[in-house]
Amino acid sequence: MNNSQVAQVLNSLADTLEIQGEVIYKVLAYRRAAENIANLGRDINELQCAGQLRSIPGVGQAIAEKLDALLTTGTFDLLDRARAEVPAGVVELLRVQDVGPRKVRLFWKELGVTSIAELETAAREGKLKNLPGMGAKSEAKILANVEAFKRRASQTRMPLGLAFPLSQAILRELIRVPNVLRATTAGSLRRMQETIGDLDFLVAAEEAAPVMERFVALPMVAEIIARGPTKSSVRLQNGAQADLRVLDPKRWGTGLQYFTGSQAHNVHLREIAQKKGLSLNEYAITREKGGTPLHGEILCAEEAEVYRALGVPYIPPELRQDRGEFDREIPPLITADDILGDLQMHTTWSDGKASVEEMARAAQARGYRYILITDHTQSLGVAGGLTPERLRQQRQEIDAVNARLTGIRVLQGAEVEVRADGSLDFSDDVLASLDMVVAALHTGLRQEREKFTARMLAAIRHPHVDVIAHPSGRLIGERDGADLDWEAVLRAAAETRTILEINAHPSRLDLDDLHARRAIELGGKLTISTDAHEPDGLDVMFYGVAVARRAWATVEDVVNAWPLERLLSWRAERGAKRDER
DNA sequence: GCCGTTTTCGGCCCGACTGTTTTCAGTCG
């Protein structure tokens with residue numbers, strides 16, 4: 001079982017216990033453990049082997065024993081009992097909006113409902129409205145939510161690449177409302193998580209009503225879920241939920257901090273406040289009940305003031321996941337302005353849509369000093385992969401472009417296929433003729449762990465390979481990454497000075513933040529590359545930078561934030577080191 | 001069930017909105 005599967009088991013156990021009416025803190029303990037396991041960055045099986053399960057935050061004696069059994073036998077006592085007592089279909093009811101543990105229990109115990117289909121039938125037959133605490137309105141709402149659930153065939157979160165442009169479009173509308181002073185996205189969007197559940201908006205305005213009106217009347221709104229004086233929720237036409245919160249500008253800082261989350265980060269911050277005898281909410285910092293009163297409230301118009309008032313260093317939004325950001329000094333994270341070049345892009349020589357010169361000029365316009373052209377190689381026929389002969393012709397064109405342009409240097413590389421047996425698509429002498437070599441695995445992604453890992457390690461240890469492109473091969477929401485021994489791969493890359501790519505395309509974002517962070521911990525180097533196939537494709541760089549920031553990366557960790565001379569001399573040094581091995 | 005420069009027991013973040021209620025429970029984030 002991998003980390004996310006273990007986390008899933010604990011979460012569904014927590015759901016089951018909650019339906020059974022278990023004390024909420026026990027339920028929360030399982031959820032917290034699950035979250036921390038999902039955020040681990042290390043394979044939980046390794047920790048088990050090393051007897052270090054209890055080093056995971058939120059895992060004590062009891063949960064450690066259960067994890068041990070789970071990883072060894074695939075289950076444990078409490079899980080078996082919970083599953084025997086509560087049918088899976090009952091737990092599934094929680095996925096319907098506005099149906100929580102208490103209602104699930106009510107419908108199950110009173111009406112014998114054990115599936116979403118049965119819930120729909122019961123609602124249609126009018127059986128829900130007579131239950132205690134229920135009424136006609138609640139019944140109609142639940143029926144509508146069941147239908148909404150069925151429409152959204154897959155309950156998947158939106159990829160960031162979809163959510164980000166959509167949110168910017170909505171934001172532009174909100175900013176235009178008269179008397180709006182500030183407006184921003186918040187939530188997982190502001191944290192730049194790779195997938196987004198709800199779109200969160202925060203607006204500072206003297207008057208809330210006009211902006212609320214505009215929000216619920218936006219053309220992309222399909223349905224109003226809730227509408228209060230300071231908060232509204234809508235369902236968008238693409239099925240996503242969007243929330244708007246309007247704040248007094250004097251309380252912007254606390255509001256933005258609260259609404260950015262993550263929930264785990266906020267819980268942690270509020271605990272810190274509590275230990276100082278303070279209480280934090282989205283409006284202000286106040287003295288806890290029973291404490292000596294403050295001179296009223298502490299209002300924070302800026303977010304940084306919230307952290308300062310609580311004696312905590314400012315934490316950039318991308319790091320607010322409760323993954324140790326309160327415990328360690330935060331280095332100066334890389335920014336988009338630090339990027340000096342782009343080490344993966346395609347041209348009309350293979351499957352790109354623009355010439356070498358067009359790509360070079362586009363990169364120059366974005367302030368870059370160098371680019372690496374990385375067209376596909378021969379065995380990837382579908383993408384018009386290059387033969388050695390065509391590669392030589394391309395070199396001439398690149399030389400000509402370099403002669404014409406000043407201020408940017410075009411390097412010749414290739415996105416070289418790693419074949420099924422781990423060998424590369426070009427001979428060593430052809431590879432040696434390139435300025436840099438990017439290796440990629442596009443085939444056999446479903447190979448078993450040992451086999452795929454061996455191929456990857458062969459590519460990493462290959463003397464001519466500089467970069468591994470999109471290492472896991474995942475496509476967000478479509479295809480999981482390959483099953484890899486990540487610890488072995490990340491270690492080998494660090495040892496051989498092989499650069500691992502963060503592919504900035506929002507459908508990939510590969511390496512992901514957790515693996516990139518682990519790579520850095522092990523001393524490895526990264527590149528953030530767009531994999532552009534046309535000039536505008538260069539504009540996705542900021543997504544990759546966000547992943548790197550979430551991985552705590554600094555300029556030192558990211559080679560395309562280095563001047564070209566430094567990158568090339570580091571590479572030469574690396575070649576010498578490899579020769580010694 | 002976890003956790004500890006206030007604690008090995010007694011805490012555990014905090015508030016908006018809705019619908020069913022005559023003061024609050026449930027859900028959500």
Side-chain angles (χ1 to χ4, degrees), chain A residues 10 13-15 17-19 21-36 53-67 78 93-107 128-142 144-145 186-189 196-202 208 212 224-234 241-247 251 254-255 257-286 288-289 291 310 322:
Chain A
L10 294 190
L13 174 61
D15 288 344
L17 294 175
E18 199 175 9
I19 291 166
E22 183 58 89
V23 281
I24 192 63
Y25 295 111
K26 190 188 275 197
V27 173
L28 291 174
Y30 281 105
R31 295 221 171 99
R32 183 177 282 212
E35 169 118 357
N36 288 328
L53 288 172
R54 291 199 61 177
S55 71
I56 303 168
V59 174
Q61 171 109 33
I63 294 183
E65 281 170 10
K66 292 176 174 80
L67 287 174
L78 179 62
L93 296 175
L94 288 171
R95 297 179 63 189
V96 178
Q97 189 138 34
D98 295 322
V99 177
R102 311 305 293 263
K103 295 227 172 91
V104 167
R105 186 180 172 80
L106 184 70
F107 301 153
L128 302 185
K129 64 173 179 284
N130 298 323
L131 295 170
M134 291 287 297
K137 271 186 157 177
S138 297
E139 185 177 74
K141 199 167 177 181
I142 285 172
N145 289 338
S188 52
L189 251 170
I196 306 298
D198 302 338
L199 304 183
D200 295 321
F201 298 93
L202 194 58
M212 287 293 177
I224 300 171
I225 297 170
R227 184 178 173 177
T230 65
K231 180 184 170 184
S232 294
S233 296
V234 298
Q241 182 174 327
D243 297 333
L244 169 67
R245 196 82 174 235
V246 181
L247 276 186
R251 302 172 191 270
T254 39
Q257 195 289 319
Y258 160 75
F259 219 27
T260 298
S262 69
Q263 194 168 8
H265 174 91
N266 285 356
V267 167
H268 199 141
L269 187 62
R270 287 172 180 199
E271 283 168 358
I272 289 173
Q274 233 179 14
K275 287 189 182 119
K276 295 181 188 292
L278 300 170
S279 174
L280 169 67
N281 63 26
E282 60 262 58
Y283 304 112
I285 298 169
T286 54
E288 279 242 282
K289 289 183 200 101
L310 297 175
D322 198 25

Between [X] ([atom1]) and [N] ([atom2]), how many Å, whole number?
| X | N | atom1 | atom2 | value |
| --- | --- | --- | --- | --- |
| A/Q257 | B/dG29 | CD | P | 18 Å |
| A/Y258 | B/dG15 | OH | P | 10 Å |
| A/L269 | B/dG29 | CG | P | 21 Å |
| A/L278 | B/dT6 | CG | P | 14 Å |
| A/N145 | B/dG19 | CG | C1' | 14 Å |
| A/K26 | B/dG10 | NZ | P | 18 Å |

Just how far is it from atom [atom1] of [X] to atom [atom2] of [Y], taken to the nearest 0.5 Å?
| X | Y | atom1 | atom2 | result |
| --- | --- | --- | --- | --- |
| A/N36 | A/I63 | CG | CD1 | 10.0 Å |
| A/M212 | A/I224 | CE | CD1 | 11.5 Å |
| A/L278 | A/L310 | CG | CG | 6.5 Å |
| A/I24 | A/R31 | CD1 | CZ | 6.5 Å |
| A/Q274 | A/I272 | CD | CD1 | 11.0 Å |

The nucleotide from B/dG19, B/dG29, B/dG1 with an atom nearest the side chain of A/K66 is B/dG1

Ranking B/dC17, B/dG15, B/dG1 by distance to the side chain of A/Y25, first place goes to B/dG1

Any strand, both distances under 3.5 Å, Watson-Crick or G-U wobble: B/dT8 pairs with none

According to a strict under-4.0 Å criterion, is [X] in side-chain N/O contact with OP1 or OP2 of [N]?
| X | N | answer |
| --- | --- | --- |
| A/S138 | B/dT18 | no |
| A/Q274 | B/dC12 | yes |
| A/N266 | B/dC13 | no |

Which part of the nucleic acid, if any, lies within contact of [X], taking any heavy atom under 4.0 Å across all strands shown: a base, the sugar-phosphate backbone alone, or nothing?
| X | result |
| --- | --- |
| A/V23 | nothing |
| A/A136 | sugar-phosphate |
| A/D198 | sugar-phosphate |
| A/F259 | nothing |
| A/L280 | sugar-phosphate |

Is there a donor-acceptor contact under 3.5 Å from the side chain of A/N145 to the main chain of A/V96?
no

_Exam field: side chain A/R227 to backbone A/S232, donor-acceptor pair closer than 3.5 Å_ = no

A/Q263 and A/D322: side chain donor to acceptor below 3.5 Å: no

Within residues 227-234 of chain A, those residues having any heavy atom closer than 4.0 Å to DNA chain B are A/R227, A/G228, A/P229, A/T230, A/K231

In short, side chain to side chain donor-acceptor pair (under 3.5 Å) pairs touching residues 129-140 of chain A with sequence neighbours left out are none

Whether each nucleotide of nucleotides 21-26 of chain B has a protein heavy atom under 4.0 Å at its base (B), only at its sugar-phosphate (S) or at neither (-) is summarised, 5' to 3', as -----S

Sequence neighbours excluded, the answer for salt bridge (Lys or Arg N to Asp or Glu O under 4.0 Å) partners of A/K26 is A/E22

Contacts of A/E282 meeting salt bridge (Lys or Arg N to Asp or Glu O under 4.0 Å) (sequence neighbours excluded), chain-then-number -> A/R245

Validation row: A/N281, A/T286 side chains within 4.5 angstrom (heavy atoms):
no

Protein and nucleotides 2-4 of chain B: nitrogen or oxygen contacts under 3.5 angstrom:
unit_1	atom_1	unit_2	atom_2	d
B/dC2	OP1	A/G60	N	2.6
B/dC2	OP1	A/G60	O	3.3
B/dC2	OP1	A/I63	N	3.1
B/dC3	OP1	A/G58	N	2.8

B/dT5 glycosidic conformation (syn if within 90° of 0, otherwise anti) is anti

